[in-house]
Each structure stands twice: as structure tokens, then as C-alpha cells.
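Heads up: the structure comes next, in C-alpha cells.
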Amino acid sequence: MKQRILFVEDNPLLAEMYAMMLEGEQEHYVVATARDGEQAMELMAQKPFDVVVSDMGLPGMSGIELIDQLKRRYPGCCRIIISGLSDQQEVVRCLNTAHQFLAKPFNVKELKATLARIGALDAFLADEALKSLVSQLGTLPSFPSLYVEVMKELRVEEPSIERITDIVSRDPSMTAKLLQIANSAALGLGRELSSPSEAVQYVGLGTVRSLALSVHIFSCFEQTRLEGFYIDSLWGHVVRTAAIARRLMQLEGAEEAEAEEAYISGMLHDVGKLMLANSLPKEFQRVVVLAAGRPCTLHEAELEVLGVTHAGVAAYLLGLWGLPATIVEAVAFHHTPTCGHAGGFGALTAVHVGNVLEHEFFDSSPGTRKPDIDTAYLSRLGLQGRLDVWRTDAAALKLMTN
């Protein structure tokens, strides 16, 4: 089925250029343009588009306001913002509204890759088995208010450590997890970090942002109790996976923002297990027993018992929250990276490898078979030769934490 794409741009020359970029792709795309937000909403009312690509600086209704209206009125529409470097503070404001950002100037290859990634992700999240199971989960966690407050402070020109600390300190669970992570990371200091302020300064604002999302979900399900399934162990696993994923991004020379994206993805990659264990305890208990008895991996047992995996369930929630497509993709396909559309090393690769290396070096539990690295996937990306380097780095992390 052809993707219907609407470009919203008030500059006629740019609007024409965007339409021409996909001129030879008529078998894949139907392209239209709108001069402003009002016309875009009129066209959406006539026949909704699958994707809207809007410039940030529109006359009248701004790009942010347009994307926000689209999210409320057409939640199934993919929303992409085009922004210049001077718009970065504005881009942050769109974090929970836009699916993806394209920096000016962008090229057709980048646009096509973005559309392919989002199209594949949308198809995955629209899977009937996944939607059917999610409908049985009861009330899904709401978007965390703590995250909104943290992001509000991060949007100002000079974010204040003191104000971030004050926000964090109002949530006991967030404070405890922050101190735990900070002290784990600060083993070489020779002293224990005891105040939230010290912890925030040590781990950095990106980690605080990640924690605001993950701690919220863990807090929602902290009363979950199943034989053979331990929330504290899961928390340790996601924290270490996130740390390894971020470290791998740094080793491969990624930008800091990309490394933080991988860290967030690592923190969130297994929250689907919590959702399943809490809402479908009998079924998930069967999953745990099956995985331990075969042995097979947990996600293989989930497919057999439930028809879906925790990765899909988590990605569905994060998609509803409007998190960037790269994060949702990394969570959705962390066991099956070939299903993603990442063209090189990114959050998906880092979380896939980080998850396996965490199990390899830190998981000593018997029974359930540990996941494997998809070496064919790494070979396709030309990265298999980096595996020994990554494994050595993960081993060093274990030595630091022993």
C-alpha cells in the first residue's frame, strides 16, 4: 500500500523541491504539499495522510502547534519535524509530540530511510496479535509527569542542577534509583554519593531524563510478584544494558545525543516484561516456566504462549507515548534487529548487543537460555569485526562492578 505523505512548507521553492525528491517513487508514495498549518489540517480532514513532514517555522500556526494538533486529532499519523540548527531548543519541545526530526538541509536518502523505518515500525505495532494482547492489559501506564517536569527544566537556556535535583527529590523511588546508579558508576571515587544533587551532577542530565521514564514504569508495577521473576534483578539488567549500550555508542564515535538515545532505549527495552507479569500473571508464569524447562529464551517462550513478545508490548506503549521512532525501534527489535531499518550502527544495534553482553557477563541464573548476538545482522552492517572490542569493554565493566 502506498504511503500518503504531506509536506508542509511556506516557501514555494522548498515545497516543490520536497515533492520532487520522491518524484520517481510513485509506486511507493503519494505526495502532496500544504503552505501552512491551516491548509494541512484541511487536507487531513478530506483524507488523512500517513506521514506529515512539517517545517518548524510556519506562518500563523507554528510547526509545533500543527504537530500537536495532529497528535490529538490523528494519533495514527506519523509526524516529522524539519528544523535548522538554530531551532534546537524548539526541537526539544517536540520530543513528546513528533516521531522524528530531520535537520536542514536533509537529503532524499535520509528522508527515505526515515520513512522506511517508520513504515516498518507502524506495520509492526499494527500487528493484530499485538493489538489484541495489549487490549487485555488493562490500564497502561500514563506518561510520567516527572519526565515532563524534567524536560521543562532542560528546555531552558541554562538548565539548573538545583532545580532538577528538587524535581527528583520529590519522588522517593526516583531518588533511590538515581543514587543506586550514581554509586554504581562512581566506584572509583572512594566514597559514597549520598545526596541527589551529587548524584545528578555525577550521572548527568541525560541519565536523569532516562530514569524519569523507566522508574515511572517500574514504580507502576513494583507490587508484581511471580515465581522465578524478580523485579530487582530486571532493574539491574536494564541499568547495565543501558550503560553498555551507551558505552558502545561512544566507542563507535557517536554523538552524545545518539549515545543518550541508546541509553534511554536500554533502560526501557524490557519494560514489556513488567506489563505482562502484572496484567497477565498466569500466562506470564507459564512463559517463565516454559523458558526455564526447555531451556529456551524468554522471548521464544512468549511467542509460543502469548503470540507476541515483551519487546512488542513495550514498543507499543512507547509508541503511544510518542517517543522518537529510533527509541521505539530499538526496543521493538532488540531481539530481532534484522526486522529494523537501521542502516548502520545506532541505538538498535547498541541495545541488541548490549542486552546479549549483559546476559553473557552478569547473568548467572540457571535454566532460561540466554539470547544470542545476531552475527549475520552485524556482518550485513560490516560490524562483526568490532564484536571482540565490545566484548572486552563489557568484561572491563564487570571487573569494575565486582
Side-chain angles (χ1 to χ4, degrees), residues 124-125 127 129-130 133-134 137 221 224 226-245 248 262 265-318 328-340 342 347-380 384 387 390-391 394 398:
F124 173 76
L125 297 179
D127 178 77
L130 178 58
L133 185 133
V134 169
L137 296 183
F221 302 122
T224 301
L226 284 181
E227 185 178 346
F229 179 74
Y230 307 104
I231 292 182
D232 287 345
S233 296
L234 182 63
W235 173 256
H237 167 67
V238 300
V239 169
R240 290 187 294 267
T241 298
I244 295 171
L248 297 184
S265 304
M267 290 292 292
L268 298 173
H269 78 283
D270 269 353
V271 297
K273 293 179 182 177
L274 288 171
M275 298 164 68
L276 290 170
N278 182 74
S279 297
L280 300 172
K282 291 182 179 178
E283 292 85 347
F284 197 70
Q285 186 72 76
R286 286 172 53 206
V287 169
V288 172
V289 171
L290 177 62
R294 287 259 168 105
C296 62
T297 64
L298 193 73
H299 72 275
E300 289 170 342
E302 288 169 340
L303 276 175
E304 183 168 332
V305 174
L306 302 170
V308 302
T309 72
H310 63 273
V313 172
Y316 195 94
L317 171 67
L318 303 182
V328 182
E329 178 187 52
V331 172
F333 304 126
H334 69 269
H335 286 299
T336 54
T338 54
C339 295
L348 171 59
T349 315
V351 175
H352 168 65
V353 175
N355 175 58
V356 175
L357 293 183
E358 196 286 333
H359 280 292
E360 181 177 324
F361 286 103
F362 295 89
D363 183 3
S364 59
S365 59
T368 304
R369 184 168 66 82
K370 297 174 178 60
D372 299 314
I373 289 176
D374 188 336
T375 53
Y377 165 74
L378 293 184
S379 294
R380 180 164 59 83
Q384 191 167 3
L387 189 53
W390 301 338
R391 188 171 272 121
K398 179 171 185 182

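Nothing here was measured: the structure is a model prediction, and the numbers come from that model.
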*Any side-chain heavy-atom pair of Leu133 and Leu276 under 4.5 Å*: yes
*Check step by step if side chain to side chain contact (heavy atoms under 4.5 Å, CB included) holds for Asp232 and Trp235.*
CA-CA 5 Å; Asp232 287 345; Trp235 173 256; 5.5 Å; no
*Taking the side chain as C-beta and beyond, is there a heavy-atom pair between Leu274 and Ile231 under 4.5 Å?*
yes
*Side-chain donor or acceptor of Asp270 paired with backbone N/O of Lys273 under 3.5 Å*: no
*Check Leu226 against Ala277 and note the closest heavy-atom contact, atom names and distance.*
CD1-CB, 3.7 Å
*Heavy-atom closest contact (Ala394 atom, Ile244 atom, distance)*: CB-CD1, 4.5 Å
*His335: partners by ring pair (Phe, Tyr, Trp, His ring centres under 6.0 Å), with sequence neighbours left out*: His299, His310
*Can you see which heavy atom on Ala262 is nearest to which on Ala350, and at what distance?*
CB-CB, 4.2 Å
*Of the non-hydrogen atoms in Val239 and Met267, which two are nearest, and what is the gap between them?*
CA-SD, 3.9 Å
*If you measure from NE2 on His352 to CG on Asp374, what distance do you get to the nearest 0.5 Å?*
5.0 Å
_Thr241 and His334, any side-chain heavy atoms less than 4.5 Å apart_ = no
_According to side-chain hydrogen bond (donor to acceptor under 3.5 Å, both in side chains), who are the partners of Asp363, at least two apart in sequence or on a separate chain?_
His359, Ser365
*Rounded to the nearest 0.5 Å, what separation is found between the CD atom of Glu360 and the CZ atom of Arg391?*
4.0 Å
*Grab the two heavy atoms, one from Ala315 and one from Ala332, that are nearest each other, plus how far apart they are.*
CB-CB, 3.5 Å
*Could you tell me the separation between the CG atom of Leu268 and the CG atom of Leu318, rounded to the nearest 0.5 Å?*
5.5 Å
*Flag the pair Leu378 / Thr349 as yes when at least one side-chain heavy-atom distance between them is below 4.5 Å, and no otherwise.*
yes
*Could you pull out the closest heavy-atom pair between Ala314 and Val271, with the gap in Å?*
CB-CG2, 3.6 Å
*Start with the C-alpha gap between Ile373 and Val353, add the side-chain angles, then the distance that decides, and say whether side chain to side chain contact (heavy atoms under 4.5 Å, CB included) holds.*
CA-CA 6 Å; Ile373 289 176; Val353 175; 4.2 Å; yes
_Evaluate Arg369 against Glu300 for salt bridge (Lys or Arg N to Asp or Glu O under 4.0 Å), listing each step before the verdict._
CA-CA 10 Å; Arg369 184 168 66 82; Glu300 289 170 342; 2.9 Å; yes
_Test of understanding: with side chain to side chain contact (heavy atoms under 4.5 Å, CB included), list the residues that count as partners of Leu303, not counting sequence neighbours._
Thr309
*asked:* Any heavy-atom pair between the side chains of Lys370 and Val356 that's under 4.5 Å?
replied: no
*Stepwise ring-ring contact (aromatic ring centres under 6.0 Å, His included) test for His237 and His269*: CA-CA 10 Å; His237 167 67; His269 78 283; 5.0 Å; yes
*Any chance you could measure Tyr377, atom OH, to Cys339, atom SG, to the nearest 0.5 Å?*
10.5 Å
*Please round to the nearest 0.5 Å and tell me the distance separating atom CG of Leu130 and atom CG of Leu306.*
11.0 Å
_With heavy-atom distances below 4.5 Å as the criterion, would you say the side chains of Arg240 and Phe361 are in contact?_
no
*Counterpart residues, side-chain hydrogen bond (donor to acceptor under 3.5 Å, both in side chains), relative to Asn278 (two or more places apart)*: Thr224
Pairs under 3.5 angstrom only: tabulate donor-acceptor contacts from the side chains of residues 280-291 to other protein residues two or more places apart or in another chain.
residue: Gln285; atom: OE1; partner: Glu227; partner atom: N; Å: 3.2
residue: Gln285; atom: NE2; partner: Glu227; partner atom: O; Å: 2.8

_Residue list, side chain to side chain contact (heavy atoms under 4.5 Å, CB included) with Ser379, at least two apart or on another chain_ = Gln384
